[in-house]
There are 2 protein chains.
Amino acid sequence: MRVTIRDVARAAGVSVTTVSRALNGAQDVGEETRQRVIEVAKQLNYRPSHVARSLVLRKSQNIGLLVSDFRKGGHHFLYDVLVGVHDTLAEYGYDVTLVSTDTARQQLVSYVDFCRARGLDGVIVMGIRLDDPYVEEVVESTLPSVVIDLPLLSRHCGYVMTDNVNGARYAVRHLVSRGCRRIGFVNGAAHAAVSRERLRGFEEAVRQYVGVYDDRLVVYGDFTLEGGQRALAELLARAPEVDGVFFASDLMAIGGLQHCRAAGIRVPEDLAVVGFDDIDLARFVTPALTTIAQPRYEMGCEAAKMLVHMLQKGEMPSGTLLPPQLVVRETA
Amino acid sequence: MRVTIRDVARAAGVSVTTVSRALNGAQDVGEETRQRVIEVAKQLNYRPSHVARSLVLRKSQNIGLLVSDFRKGGHHFLYDVLVGVHDTLAEYGYDVTLVSTDTARQQLVSYVDFCRARGLDGVIVMGIRLDDPYVEEVVESTLPSVVIDLPLLSRHCGYVMTDNVNGARYAVRHLVSRGCRRIGFVNGAAHAAVSRERLRGFEEAVRQYVGVYDDRLVVYGDFTLEGGQRALAELLARAPEVDGVFFASDLMAIGGLQHCRAAGIRVPEDLAVVGFDDIDLARFVTPALTTIAQPRYEMGCEAAKMLVHMLQKGEMPSGTLLPPQLVVRETA
DNA sequence: CTGTTAGCGCGTTCAG
DNA sequence: CTGAACGCGCTAACAG
């Protein structure tokens with residue numbers, strides 16, 4: 001922060017204003033003056049201060065990445081999204097500031113205040129739950145935001161998520177194509193928006209491809225390995241005739257696989273299994289997990305793109321659904 | 001950014017200066033004045049502008065997290081470190097800005113300029129390679145920085161890494177305790193600093209616990225799954241009598257496991273295997289991978305702590321080695 | 001086409 | 001104990 005616009009102005013023998021104009025591509029400046037200024041600036045290795053610029057322009061070119069549930073060993077789902085967000089935002093010339101809800105909560109401020117204090121131009125929200133008190137704030141605030149994996153839509157808030165309904169449909173269709181007739185569903189936590197949608201897709205698909213729908217075949221895990229184990233045990237105790245199970249997350253599916261091994265159930269011969277997410281583990285467990293892949297990186301990119309369009313072109317926020325993809329491996 | 005310090009001053013019937021002093025805990029302000037100011041500020045939901053404050057204080061309370069190799073599906077190693085960095089920095093009142101070397105490179109600016117332009121107070125560097133041209137810059141610049149996994153030490157640059165030498169020693173000692181006598185080593189890419197240290201630890205331990213050291217038993221993968229497969233095949237072709245292998249990463253070890261399965265080699269009966277990292281996969285592969293765990297989250301915390309101490313107390317940077325831990329599972 | 005004058009919102013001398 | 005004045009580095013009117 002040593003060499004300022006003034007130094008450049010002095011060295012080039014012009015006024016500060018002229019330097020600003022020359023460097024920012026304004027029209028009203030002589031071509032040779034501009035060249036000279038640019039030359040001098042390069043010579044001096046001048047870098048405009050983003051801070052000073054933010055102050056006067058009231059725009060920071062800085063976007064917050066608000067992460068709930070940002071914890072050690074947590075969802076590596078977040079990582080790919082984060083990289084997508086960062087890559088895209090960097091392309092558009094925005095910086096990314098990490099914000100965790102915990103931090104805001106500890107400081108007892110609303111997350112909007114948190115962002116405003118930092119002059120963030122907008123926010124991308126990840127990992128937030130339906131029942132989080134921040135949800136209301138996100139929807140109602142005028143701070144431009146895009147939420148991932150939660151269908152919140154308002155004047156200043158859009159969302160990006162996987163097409164969970166169709167994802168669930170693909171899973172069921174695949175199980176049916178493998179000969180399954182009694183298909184169970186281990187859903188994730190009820191407070192997650194995605195759980196509702198996957199349930200809807202499951203039900204629709206079962207009605208369509210199997211005919212009869214029996215809601216006794218739906219149980220709830222909580223997206224965890226242990227939850228998946230427990231839920232599958234519960235399901236099989238209730239309905240031993242089940243020949244295929246769709247898990248709303250790979251982690252739960254892997255828990256289910258462990259239960260099968262312990263209980264002597266052969267996969268996929270006795271029970272076919274399909275997961276959701278396509279986490280790294282999926283290809284490595286034995287048998288390798290058939291699953292519905294989410295386009296994590298692309299979700300990050302889309303969210304970033306939407307936010308930038310809102311910011312730069314004043315576009316209205318929208319809801320974007322990204323297509324999931326069936327990845328066939330060994331469990332179904 | 002609507003309500004400013006001036007609004008608070010007016011509402012409280014004092015000057016701007018007094019508000020500043022009252023809110024920042026300065027001594028020279030009347031207790032009742034302070035209370036009134038605080039009250040009014042709360043009433044108005046006033047949040048000081050970090051941008052304005054940064055400009056005048058020449059400190060942004062914002063730290064860059066510079067990530068090389070920041071890509072889709074890449075090292076999830078980074079994620080845990082990142083969370084550690086963020087958590088710790090948040091505690092100390094610092095924000096975290098994501099910076100990727102690619103972004104800087106594309107803009108053809110040195111990363112130091114990149115950080116200075118943004119007024120970052122310091123940087124934590126991850127994933128950088130020994131042969132990266134930025135290394136020189138990191139060491140020589142006056143921008144306070146802490147590097148992870150690369151032993152760079154200078155006036156303004158410290159580092160945090162796992163004690164790789166001892167990690168390798170633990171691995172060898174464990175293999176020996178399991179009866180191995182001819183121990184091979186699949187090292188990672190040579191350009192990684194950690195590779196050298198792991199090799200050193202390996203050699204020292206073999207000399208100590210086995211007696212004879214044969215450098216024909218050292219081969220190089222490149223930290224990838226396929227690299228591990230290839231390297232193990234090469235090693236066994238060269239020295240079929242090998243009865244234990246230490247891999248410098250879990251991913252390579254898992255590649256090795258796949259090779260073993262394909263080649264009909266029983267693990268751990270015919271060949272004992274120890275990995276390095278303790279990635280999530282390690283517990284889930286079959287047989288489950290015995291490995292040396294790196295304290296990823298803690299590395300992030302330590303790096304952040306060191307940087308803050310440098311910034312706030314003017315402490316000299318140092319080199320911190322964090323202890324790895326042997327996690328015994330099924331492969332050795 | 002260029003320079004002068006005003007702030008952006010805040011912390012900090014330095015007088016009172 | 002308090003306030004007026006100044007400046008952080010930069011852009012944006014408004015002249016000339």
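In what follows, chains are A, B, ... by sequence order, proteins preceding strands, each numbered from 1. Note that these values count all heavy atoms, side chains included, but never hydrogens, waters or copies made by symmetry.
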Rounding to an integer number of Å, can you tell me how far [X] [atom1] sits from [N] [atom2]?
| X | N | atom1 | atom2 | result |
| --- | --- | --- | --- | --- |
| Q35(B) | dT2(D) | CD | P | 13 Å |
| D7(A) | dC8(D) | CG | P | 11 Å |
| K59(A) | dG9(D) | NZ | P | 23 Å |
| L55(A) | dG11(C) | CG | P | 12 Å |
| R2(A) | dG9(D) | CZ | P | 12 Å |
| L23(B) | dC10(C) | CG | C1' | 12 Å |
| R6(A) | dT4(C) | CZ | P | 13 Å |
| R10(A) | dT2(C) | CZ | C1' | 18 Å |

Side-chain N or O of [X] closer than 4.0 Å to phosphate OP1/OP2 of [N]:
| X | N | result |
| --- | --- | --- |
| T4(A) | dG9(D) | no |
| R58(A) | dG9(C) | yes |
| S49(B) | dC10(C) | no |

Original post:
What nucleotide, of dT2(D), dT11(D), dC8(D), holds the atom closest to the side chain of I5(A)?
Top reply: dT11(D)
Original post:
Of all the choices, dT2(D), dT4(C), dT11(D), which nucleotide is nearest to the side chain of R53(A) once you look at every atom?
Top reply: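 Side chain of R53(A) sits closest to dT11(D).
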Using a cutoff of under 3.5 Å, can you pull out all pairs of nitrogen or oxygen atoms linking the protein to nucleotides 12-16 of chain D, with atom names and distances?
residue: dA12(D); atom: N6; partner: T17(A); partner atom: OG1; Å: 2.8

Under 3.5 Å donor-acceptor, [X] side chain and [Y] backbone:
| X | Y | answer |
| --- | --- | --- |
| E298(A) | L322(A) | no |
| D80(A) | R296(A) | no |
| N164(A) | T162(A) | yes |

Original post:
Do Q61(B) and Y92(B) come within less than 4.5 Å of each other through their side chains, counting heavy atoms only?
Top reply: no
Original post:
Which atom pair, heavy atoms only, marks the closest approach of S60(A) to D121(A)?
Top reply: N-OD1, 3.0 Å
**OP:** Compare every heavy atom of M316(B) with every heavy atom of M310(B), then report the nearest pair and how far apart it is.
**Re:**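 Closest approach of M310(B) to M316(B), heavy atoms only: CG-C, 4.4 Å.
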**OP:** Using a 4.0 Å heavy-atom cut-off across all strands, classify S54(A) as base, sugar-phosphate, or nothing.
**Re:**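 Nothing: the residue S54(A), judged by heavy atoms under 4.0 Å, touches no strand.
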Original post:
Looking at five pairs on each end of the helix from dC1(C)-dG16(D) to dG16(C)-dC1(D), what is the angle between the two axes, given to 10 degrees?
Top reply: 40°
Subject >> A52(B) vs T18(B), nearer the 5' end of DNA chain D by closest nucleotide >> reply: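 This one resolves to T18(B).
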Original post:
Does R10(B) come within less than 4.0 Å of D7(B), counting only side-chain N to carboxylate O?
Top reply: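 So R10(B) pairs with D7(B) through a salt bridge.
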Subject >> Residue list, side-chain contact (heavy atoms from CB on, under 4.5 Å) with K313(A), at least two apart or on another chain >> reply: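 With neighbours one apart ignored, the set is H309(A), E315(A).
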Original post:
Got more than 12 heavy atoms from elsewhere within 6.0 Å of CD, E136(B)?
Top reply: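 Open: at most 12 neighbouring heavy atoms sit under 6.0 Å from CD of E136(B).
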